[in-house]
Peer 1: 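What follows is a structure written as structure tokens; I'll ask about it next.
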Amino acid sequence: MSDKETKAGKTAAGAALAGVPPEPGAPKQDAILSATGVRRAFGGLVAVDVEHVEIQRGTITALIGPNGAGKTTFFNLLTGFDRPSKGSWEFDGRRADRMRSYQVARAGMVRTFQLTKALTRMTVLDNMLIGAADQVGERMWAGLFPGLWKKQEAENQERALALLERFKLIEKREHYAGELSGGQRKLLEMARALMLEPKMIMLDEPMAGVNPALKQSLLEHIKDLREDGMTVLFVEHDMDMVHEIADWVAVMAAGQLITEGTPDQISADQRVIDAYLGAHHDAAQH
Amino acid sequence: MDWQFVFSQALTQAIGPTMLVYALGAIGLNLQFGYTGLLNFGQAAFAAMGAYGLALGVVAWGLPFWWAVVIGLGAACVMALLLGIPTLRLRADYLAIVTIAAAEIVRRLARATVWADTTGGSDGMRGFSEPFFALIPWDRESTWTLLFVSMDSGRLAVDFGIFELQYSYRDTWIMVVGWALVLFFTGIMALLIHSPWGRVLKGIREDEEAVRSLGKNVFAFKMQALVLGGIIGAVAGFLFALSRANVQPDTFTTDFTFYFYVVLILGGAARIFGPVLGAALFWFLYNILSQGLSQAIRADVIPPSVLDSTQVGPLVFLLLGLGMVLLLIFRPQGLIGNKKELLFDVR
Ligand SMILES: Nc1ncnc2c1ncn2[C@@H]1O[C@H](COP(=O)(O)OP(=O)(O)OP(=O)(O)O)[C@@H](O)[C@H]1O
Ligand SMILES: [Mg+2]
């Protein structure tokens, strides 16, 4: 991808967010995801209580917040892996709060897990291939007739190998995923999610445990996704990283969305500093 | 004592009718447990669906043989759906509990006195296998020889010089049909497992959440595996009933299911030929031990004060159990399993 194109995607994202006020729940020009009144309580503990949030299409949005803020729980709710106590949301113009997790993925919102879920007793390549959508050979009866799906399989394989190349896993393609290191599993999971060609990808701490050099190239990949028109929502604790790639930042603390804004606005926001310090303060008391 | 006889007998059994029943049941279980990770502890009940479907169809309802076969297969399907719908969305152990209970319920229903007029109660049923044996394409007088294989008045003999395998007229037919079924289903499994469908099943075995996050309807895949595995279990039930020419409720206990598991683990779970090899080895070991011990007692090699003939059965199971434990310690992947796969933590 040329530099010029790279700029194009970033500029478009910047322009789309230009007039948005740095306030929680701020409306966006063209929201791909829009959630209202999402609440999830575990017994007495309210893990998520988000009044309203919109994610601008074609941008990279970071979701930050101290440990236990409810980021993963919010991901789980949006992707159908957990059920909210109440709340509703739309994805790409369709009501998504009643969808099952696999339907959410098919609708184009694909997530990765904070604790990686590599399919350990399958090869890296099989991990990739299982990600491809709309496979004819995944119908039981069609499995009996390789002629029906061999061609599609070859195409998927080509795509899988290209992605593995990009994520520096190509040498590992015939290895079991269980043989990969923690960081490599993170990479595999992200590459596998891309096999679905999602509209929006939700990454839960994709950089955790990835070495700095590879981290840099991963950042470039994520920027490339934006150029491909994909929307990225990712959870990250490293603010330098957030500054480098995010167009927009949403901050959660104690289950609530406390503020939103550009990375620069967020770094200067006293509420964010308080939230982090507060959390540290709490932690220190324990 | 006649070692040659003992060995010939054990070999005869190792590829004989009963072994084929175990192989078929384990093929179904391999799809469910080996590839998909479904804990079906009710495979005996699926076999019972086949066996009783056939027997009831022919004897009680007077249907043609093939219609009775369809009933057996249909019953297995229905049972898989009934057991799967409430449990397959839940954690894996729920299916285990429900299937083990359902298998016991099926057996109790079969031996219940309420409808004993129809089902024969605890005595079971007979008289349904005639149409099957009427299909034998050679007659009882057939006699021929081809190299070391010969047929003498409808009976098959395979002469290896030192050992001779012999099968009765009916057993020979059971074996022809049984081996055809085993090869057929093994072939189907090979195709399915190497297809994208099979890949999803293996993914579900590893981590179903991950597979869900990739847009797969995990519930539907699990249900398909449960139904297909159950249908193969019913086919095992047909063969079992036909080879004995009767059905009896108390042959479908949980032990029967556990033999399928033993066979599968012995041969190697998640291997295409695991069930067949496991069934042959299991049934060979069982027969060589019980025949060997019985012969040794008869020939006074083992004095009656040490072991009498009524103790042979329990002792054989004890030895097989011990063997199973040793297998799990020293070769947990089974005969042809992949050791490497077992090294990874599966949560
Ligand atoms: N299954 C659960 N049962 C009970 N409480 C839960 C459960 N899952 C999460 N919680 C609680 O909900 C809160 C939010 O957890 P969550 O995992 O969403 O935090 P997070 O923002 O992702 O944190 P981190 O940055 O450490 O990953 C925590 O207080 C946690 O203890
Ligand atoms: Mg988290």
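Note that this is a predicted model, so its numbers are computed, not measured.
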Peer 1: Starting at CD of B:Glu209, measure out to CG of A:Leu115 and round the result to the nearest 0.5 Å.
Peer 2: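 Between B:Glu209 CD and A:Leu115 CG, I get 11.5 Å after rounding to 0.5 Å.
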Peer 1: State whether the side chain of A:Glu138 and the backbone N or O of B:Trp197 hold a donor-acceptor pair below 3.5 Å, judged by distance alone.
Peer 2: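 It does not hold such a pair.
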Peer 1: Using a cut-off of under 4.5 Å for heavy-atom pairs, which of A:Ala105, A:Ala193, A:Gly137 has the most such pairs with chain B?
Peer 2: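 Greatest number of close heavy-atom pairs with chain B: A:Gly137.
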Peer 1: With no hydrogens and no angle check, is any side-chain donor or acceptor of B:Arg212 less than 3.5 Å from a backbone partner on A:Tyr102?
Peer 2: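 Here the side-chain-to-backbone pair does not exist.
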Peer 1: Only pairs of heavy atoms separated by less than 4.5 Å count here; which of A:Gln103, A:Arg192, A:Met195 has the most with chain B?
Peer 2: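 Ranked by heavy-atom pairs under 4.5 Å with chain B, first place is A:Arg192.
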Peer 1: Mind ranking B:Leu214, B:Leu192, B:Leu191 by heavy-atom pairs under 4.5 Å with chain A and telling me who comes out on top?
Peer 2: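 The option with the most such pairs is B:Leu214.
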Peer 1: Find out whether A:Glu153 and B:Pro196 are in side-chain contact, i.e. whether some heavy atom of one side chain is under 4.5 Å from a heavy atom of the other.
Peer 2: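 With C-beta onward as the side chain, the pair touches.
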Peer 1: Would you say the side chain of B:Arg199 lies within less than 4.5 Å of the side chain of A:Met122, judging by non-hydrogen atoms?
Peer 2: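 Answer yes - side chains close enough.
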Peer 1: Highest number of heavy-atom pairs under 4.5 Å with chain B: which of A:Phe81, A:Trp141, A:Phe113?
Peer 2: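 Top option by heavy-atom pairs under 4.5 Å: A:Phe81.
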Peer 1: For A:Glu236, enumerate each residue passing the salt bridge (charged side-chain N to carboxylate O under 4.0 Å, His left out) test, keeping only those at least two apart in sequence or located in another chain.
Peer 2: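 Expected list: none.
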Peer 1: Return the NZ to CG distance between B:Lys202 and A:Asp126, rounded to the nearest 0.5 Å.
Peer 2: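 Taking NZ in B:Lys202 and CG in A:Asp126, the distance rounds to 6.0 Å.
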Peer 1: Quick one: does B:Leu228's side chain get under 4.5 Å of A:Met140's, heavy atoms only?
Peer 2: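 Sidechains of A:Met140 and B:Leu228: in contact.
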Peer 1: Highest number of heavy-atom pairs under 4.5 Å with chain A: which of B:Asn217, B:Val200, B:Val211?
Peer 2: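 Sorted descending by pairs with chain A, the first entry is B:Asn217.
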Peer 1: I'd like to check the salt bridge (charged side-chain N to carboxylate O under 4.0 Å, His left out) partners of B:Lys222; sequence neighbours left out, ordered by chain and number.
Peer 2: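 B:Lys222 satisfies salt bridge (charged side-chain N to carboxylate O under 4.0 Å, His left out) with B:Glu208 once adjacent residues are dropped.
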Peer 1: Just how far is it from atom CE of B:Met189 to atom CG of A:Leu144, taken to the nearest 0.5 Å?
Peer 2: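 One gets 9.0 Å once the value is rounded to the nearest 0.5 Å.
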Peer 1: Chain A: which of B:Gln224, B:Lys216, B:His194 shares the most heavy-atom pairs with it under 4.5 Å?
Peer 2: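 Heavy-atom pairs under 4.5 Å are most numerous for B:Lys216.
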